[in-house]
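What follows is one structure encoded as structure tokens, with my remarks underneath.
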Amino acid sequence: MAVVHEKELLCKKFLSKTQKLLIDGKWVDAKSGKTFETINPATEEVLCRVAEGSKEDVDLAVKAARRAFESGPWKTMSTAQRAKLLLNLADLIEKNADELAQLETLDNGKPIKESRYVDVPQTVETFRYYAGWATKLEGETINANSNFFTYTLREPVGVVGQIIPWNFPMLMMAWKWGPALACGNTVILKPAEQTPLTALRIGELAMEAGFPDGVINIVTGFGGDGAGEAISRHMDIDKVAFTGEDKTGKLILQASTGNLKRVSLELGGKAPNIVFADADIDAAVKGAITGIFFNQGQVCCAGSRLFLEESIHDEFMTKLKERVAKMRQGDGSDEKTHIGPQVSKEQQERVLNYIEIAKGEGATVACGGQSPADMKKGFFVQPTVLTGVNNTMRIAQEEVFGPVLAVIPFKSMDEVAEQANATTFGLSGAVWTRDIKKAHKFASLIKAGTIWVNCYNVFDPAVPFGGYKMSGYGRELGKHSIELYTNIKSVWVNMMD
Ligand code: ADP
């Protein structure tokens with residue numbers, strides 16, 4: 001298979017070493033001395049070994065982060081200097097964009113074009129956006145009572161633990177670090193065990209950018225019984241921010257009760273993507289494909305339930321199948337690849353199992369449905385479209401986190417609105433129509449944190465993102481993330497003689 005030539009492999013030097021933890025500005029081995037492998041999901045080859053941090057290492061990282069938060073250059077530096085550090089980091093990421101894109105694709109499996117044109121630039125933009133916020137944080141004065149001068153201070157929360165998933169490793173890191181650092185917090189990041197590499201490389205760049213020791217710490221390792229759990233339990237961490245599965249979110253919330261740390265959760269989804277008969281059908285077909293197959297379907301806001309108005313069902317399906325048949329699946333490092341492998345064997349098996357469950361429930365495989373026969377290595381699952389689905393089946397209710405689209409026909413607006421909301425999740429949804437009233441009506445009817453109208457998967461660091469219902473709480477991005485990472489203090493000054 002055509003992959004990047006070794007001499008073009010910009011991350012070769014980085015991959016040649018065993019990766020360490022970043023604690024207090026130094027790269028150190030895990031106290032236990034343990035390491036784990038990270039694997040290229042397209043080839044199943046080991047990329048390199050990574051330190052396996054555990055509770056002891058988290059304790060050290062928290063000590064460093066606490067010291068850096070309470071005293072030293074970070075606490076006293078001007079907000080303009082803080083902004084400059086974030087801008088320095090954004091510049092260094094941009095300068096090393098090709099290397100980071102290669103590393104992301106090797107570790108996660110996603111097509112190199114997506115790493116290069118989506119993940120890296122959005123990471124850079126997120127850091128630049130939040131650099132702007134560092135100098136714009138404000139309190140307020142309140143005219144409550146003329147006998148008192150009353151004002152609020154907006155202060156950083158403190159030491160923040162951030163636990164991120166493997167689907168957008170560097171971008172999720174930027175969503176977490178950007179606002180936390182802009183507000184003056186110190187952080188301990190735990191990347192997903194499947195994809196730790198870009199966070200570690202960006203950690204090196206953060207040190208080069210000039211962040212003081214202890215402000216940014218990275219503890220790689222596992223979740224339950226590992227560094228992840230240690231972060232959520234830690235009594236000296238003031239806040240934990242998590243993106244991942246709903247089941248894990250519940251565990252993190254339970255573990256956090258010891259010191260009642262603040263928790264923000266961005267969890268799963270089962271997004272309805274609704275196409276009315278009056279829509280631009282070709283655009284909606286493309287949108288359905290982006291909605292479910294982008295990043296191999298490993299997207300929490302993936303449009304995994306496609307609701308088609310009955311009168312256009314057959315025309316839509318013909319066009320959809322034609323396009324899906326043209327998608328080139330392969331190693332993400334190949335420039336021609338549209339869809340890469342799932343991130344791990346575990347995920348591949350989970351997705352294939354869901355396809356079997358759907359078939360058992362009576363769904364029909366219209367495209368794909370298995371691992372491609374010609375791929376001897378790698379965790380591939382064909383882009384899959386299932387018809388004959390109804391909204392109560394498990395395939396329409398549970399998050400698959402893979403390239404599997406469940407198609408559900410509908411007759412009326414009321415019926416589809418009810419079904420769209422008949423899920424425990426509420427992260428996102430989309431509607432395709434030329435009728436502006438219908439579009440706005442749907443935007444208000446659907447219980448979800450993001451609604452796309454005649455588009456899908458559009459993002460900007462200025463626009464908030466997060467869930468209703470079991471998709472979590474708290475909003476990331478935009479000014480809303482500033483709320484997650486700051487505390488408000490009210491100050492009363494007696495003005496009476
Ligand atoms: P997946 O099951 O798809 O890997 P998870 O939600 O389990 O998704 O993983 C997202 C992140 O949460 C990863 O960094 C993982 O290590 C971490 N994690 C998993 N389990 C726990 C846990 N019990 N406590 C804290 N972090 C966890």
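Predicted model, so just to flag it, every value in this text is computed and none were measured. Read the numbers this way: they start at 1 and go in the same order the structure lists the ligands and their atoms.
- Under a 3.5 Å cut-off, the side chain of R305 and the backbone N or O of A406 do not form any donor-acceptor pair.
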Would you list the atom pairs, donor with acceptor, under 3.5 Å between side chains in residues 462-480 and any protein atom, with sequence neighbours excluded?
residue : atom : partner : partner atom : Å
K469    : NZ   : N421    : O            : 3.0
K469    : NZ   : T423    : O            : 2.8
S471    : OG   : G268    : O            : 2.7
S471    : OG   : G426    : N            : 2.8
S471    : OG   : L427    : N            : 3.2
R475    : NH1  : G467    : O            : 3.2
R475    : NH2  : G467    : O            : 3.2
E476    : OE1  : K176    : NZ           : 3.2
E476    : OE2  : K176    : NZ           : 2.7

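- Identified under the ring pair (Phe, Tyr, Trp, His ring centres under 6.0 Å) test for residues 28-50, with sequence neighbours left out: F36-F222.
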Pair up each side-chain donor or acceptor in residues 368-380 with any protein partner under 3.5 Å, not counting sequence neighbours, and list the distances.
residue : atom : partner : partner atom : Å
S371    : OG   : Q348    : NE2          : 3.3
S371    : OG   : F380    : O            : 2.9
K376    : NZ   : A373    : O            : 3.1

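- Note on ring orientation: taking the six-membered ring where Trp is involved, the planes of F459 and W452 are perpendicular (angle over 60°, cut-offs 30° and 60°).
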Which protein N or O atoms sit under 3.5 Å from any N or O of ligand 1? Give each pair with its distance.
residue  : atom   : partner : partner atom : Å
ligand 1 : 2 (O)  : E245    : OE2          : 2.6
ligand 1 : 3 (O)  : W166    : NE1          : 3.2
ligand 1 : 4 (O)  : W166    : NE1          : 3.0
ligand 1 : 6 (O)  : E245    : N            : 2.8
ligand 1 : 6 (O)  : T248    : OG1          : 2.9
ligand 1 : 7 (O)  : T248    : OG1          : 3.1
ligand 1 : 14 (O) : I164    : O            : 2.8
ligand 1 : 14 (O) : K190    : NZ           : 3.1
ligand 1 : 16 (O) : K190    : NZ           : 2.9
ligand 1 : 16 (O) : E193    : OE1          : 2.6
ligand 1 : 16 (O) : G223    : N            : 3.4
ligand 1 : 20 (N) : G224    : N            : 3.4

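- The backbone N or O of V343 lies less than 3.5 Å from a partner atom in the side chain of Q298, making a donor-acceptor pair.
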